[in-house]
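Notes for the one structure printed next.
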Amino acid sequence: MRSFFSRSLPSLLALAALGACQGTSTSQETAASANTAPADSTGGNYLSQPLVSDIYTADPSAHVFNGKIYVYPSHDIETGMPENDNGDHFAMRDYHILSMDSVGGKVTDNGVALDLKDIPWAKRQLWAPDAAFKDGTYYLYFPVKDKQDIFRIGVATSTSPTGPFKADPQPIKGSYSIDPAVFTDTDGQAYMYFGGIWGGQLQRWRTAQYDSTVAPSQPANEVAIGPRVARMSADMKQFDGPVKEIQLLGKDGKPLLAGDNEKRFFEGIWMHKYNGKYYLTYSTGDTHLLVYATGTSPTGPFTYQGVLMQPVQGWTTHHSIIEQNGKWYIFYHDTQLSNKTWLRNVKVTELTHNPDGSLATIEPMTK
Ligand code: FUB
């Protein structure tokens, strides 16, 4: 297990690229080259290359809108905040949306889509966003700390997938924690999945009251804290009904325990449906894996199935999954350009559903 502060060796490529990356940028284009793999200084090979290198990007939530791919990432910046287990060093202040016609094509950075200063209730740390489309409106969902330093989830709207987005004056009522992922089922009902432990504060919501005194780590023999799901209202701006904790089970049918660090939920959830089955994918955090669990209902329970992606370079791992023209892709991030855990870059590679319904395990770096 790698510690929160661990680093892999700097790559020559990363050092060369570092000078080129800036914290701000206007709209511009750059070539995406999926699945080319120069070696890093450790002798390892990256499976894919960064989609953009003019800014640092992370937590990519990809969608296909009108046949085109849009990626809604965090925009990582250097702020000098010290690294800690609260994730204070992830002090992002705006969002840029990336777009491309298809994987491997030209990637456009569409400039600032939403700025922290334009969210009336927000204080700091614009973390992993997601997006949805319904009836001519694009919705951007974002976690950010409110004036009391409590993570809430907000919504902003636009008539364009790339923004600019206008934030609602208040967060979504009843929302908390981080990493929203909005999935619209084949019957048209949308659900928001969310949550993240440790810096994501989910452990502080064991009851309906926020409790900042709860320790980040649970005793190993307790049932692990589950991610949350809520039905979205018809206008996509509120929860329609209660927030529910999702049950994650082992193959023995018993709930995953907090000590199951290589399987239990940490953050970065995503939902996709394939052949009528619901695939819940997420990061295991301190064990740095992307894993998956499957179920027969969008709200669970879900049964743990296996590892989707081995650890990337950097502490965090976060992904999304889309289908375009019959092919499935996973967008993810690592720290190839900076070798700093808070300055990440998004990437994409193909995802394989095996004939038996399992997902092929991806090795993001190979020796
Ligand atoms: O980008 C900040 C946080 O790091 C995200 O919300 C987590 O999923 C992790 O990637």
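Throughout, numbering of the chain's residues begins at 1 and tracks the sequence.
Aromatic ring centres of His63 and Trp270 lie closer together than 6.0 Å. Here Tyr176 and Tyr210 keep their ring centres 6.0 angstrom or further from each other. Taking the six-membered ring wherever Trp is involved, the centroid distance between the rings of Phe266 and Trp315 falls below 6.0 Å. You'll find the ring centres of Tyr95 and His75 outside the 6.0 Å limit.
Annotation for Glu363: atom CD counts as buried by contact number, over 12 foreign heavy atoms lying within 6.0 Å. More than 12 heavy atoms of other residues, nucleotides or ligands sit less than 6.0 Å from atom NZ of Lys145. For Lys147, the NZ atom sits in a packed shell: over 12 heavy atoms of surrounding residues, nucleotides or ligands are nearer than 6.0 Å. Crowding of Asn66 atom CG: a count of heavy atoms from other residues, nucleotides or ligands under 6.0 Å not exceeding 12. Residue-environment remark: NZ (Lys68) exceeds the threshold of 12 foreign heavy atoms within 6.0 Å. Within 6.0 Å of the NZ atom in Lys166, the count of heavy atoms belonging to other residues, nucleotides or ligands does not exceed 12. Around the CZ atom of Arg124, the shell of radius 6.0 Å holds more than 12 heavy atoms that belong to other residues, nucleotides or ligands.
Remark: side-chain polar atoms of Ser338 are paired, donor with acceptor, to backbone N or O of Leu343 under 3.5 angstrom. No side-chain donor-acceptor contact under 3.5 Å links Asn354 to the backbone of Gly357. For Gln313 (side chain) and Thr341 (main-chain N/O), no donor-acceptor pair under 3.5 Å exists by modelled atom type. Without hydrogens or angle criteria, Gln218 side chain to Ile225 main chain gives a donor-acceptor distance under 3.5 Å. With hydrogens and angles ignored, the 3.5 Å screen pairs no side-chain donor or acceptor of Tyr139 with any backbone N or O of Val155. Between the side chain of Asp146 and the backbone N or O of Asp149, at least one donor-acceptor pair lies under 3.5 Å.
For Asp211 and Arg204, the salt-bridge test fails: no basic side-chain N is under 4.0 Å from an acidic carboxylate O. Taking a cutoff of 4.0 Å between a charged side-chain nitrogen and a carboxylate oxygen, Lys273 and Asp185 qualify as a salt bridge. With respect to the salt-bridge test (charged N to carboxylate O, under 4.0 angstrom), the residues Arg344 and Asp59 qualify. Taking the charged nitrogens against the carboxylate oxygens, Asp235 and Lys134 have no contact shorter than 4.0 Å, which rules out a salt bridge.
Inspection of the Gln305 and Thr294 side chains reveals an N or O donor paired with an N or O acceptor under 3.5 Å. In the model, His319 has a side-chain atom that pairs as donor or acceptor with a side-chain atom of Thr281 under 3.5 Å.
When Met309, Lys347, His272, Glu350 are each tested for a side-chain contact (heavy atoms from CB on, under 4.5 Å) with Ile330, only one passes: Met309.
When the side chains of ILVMFWY residues are joined at heavy-atom separations under 4.5 Å, either directly or via intervening members, Trp198 and Val214 end up in two distinct hydrophobic clusters.
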Can you check side chain to side chain contact (heavy atoms under 4.5 Å, CB included) on Leu351 and Leu308, steps first, answer last? CA-CA 9 Å; Leu351 174 82; Leu308 166 59; 3.4 Å; yes
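Here the side chains of Asn110 and His96 are not in contact, with every heavy-atom distance at 4.5 Å or above.
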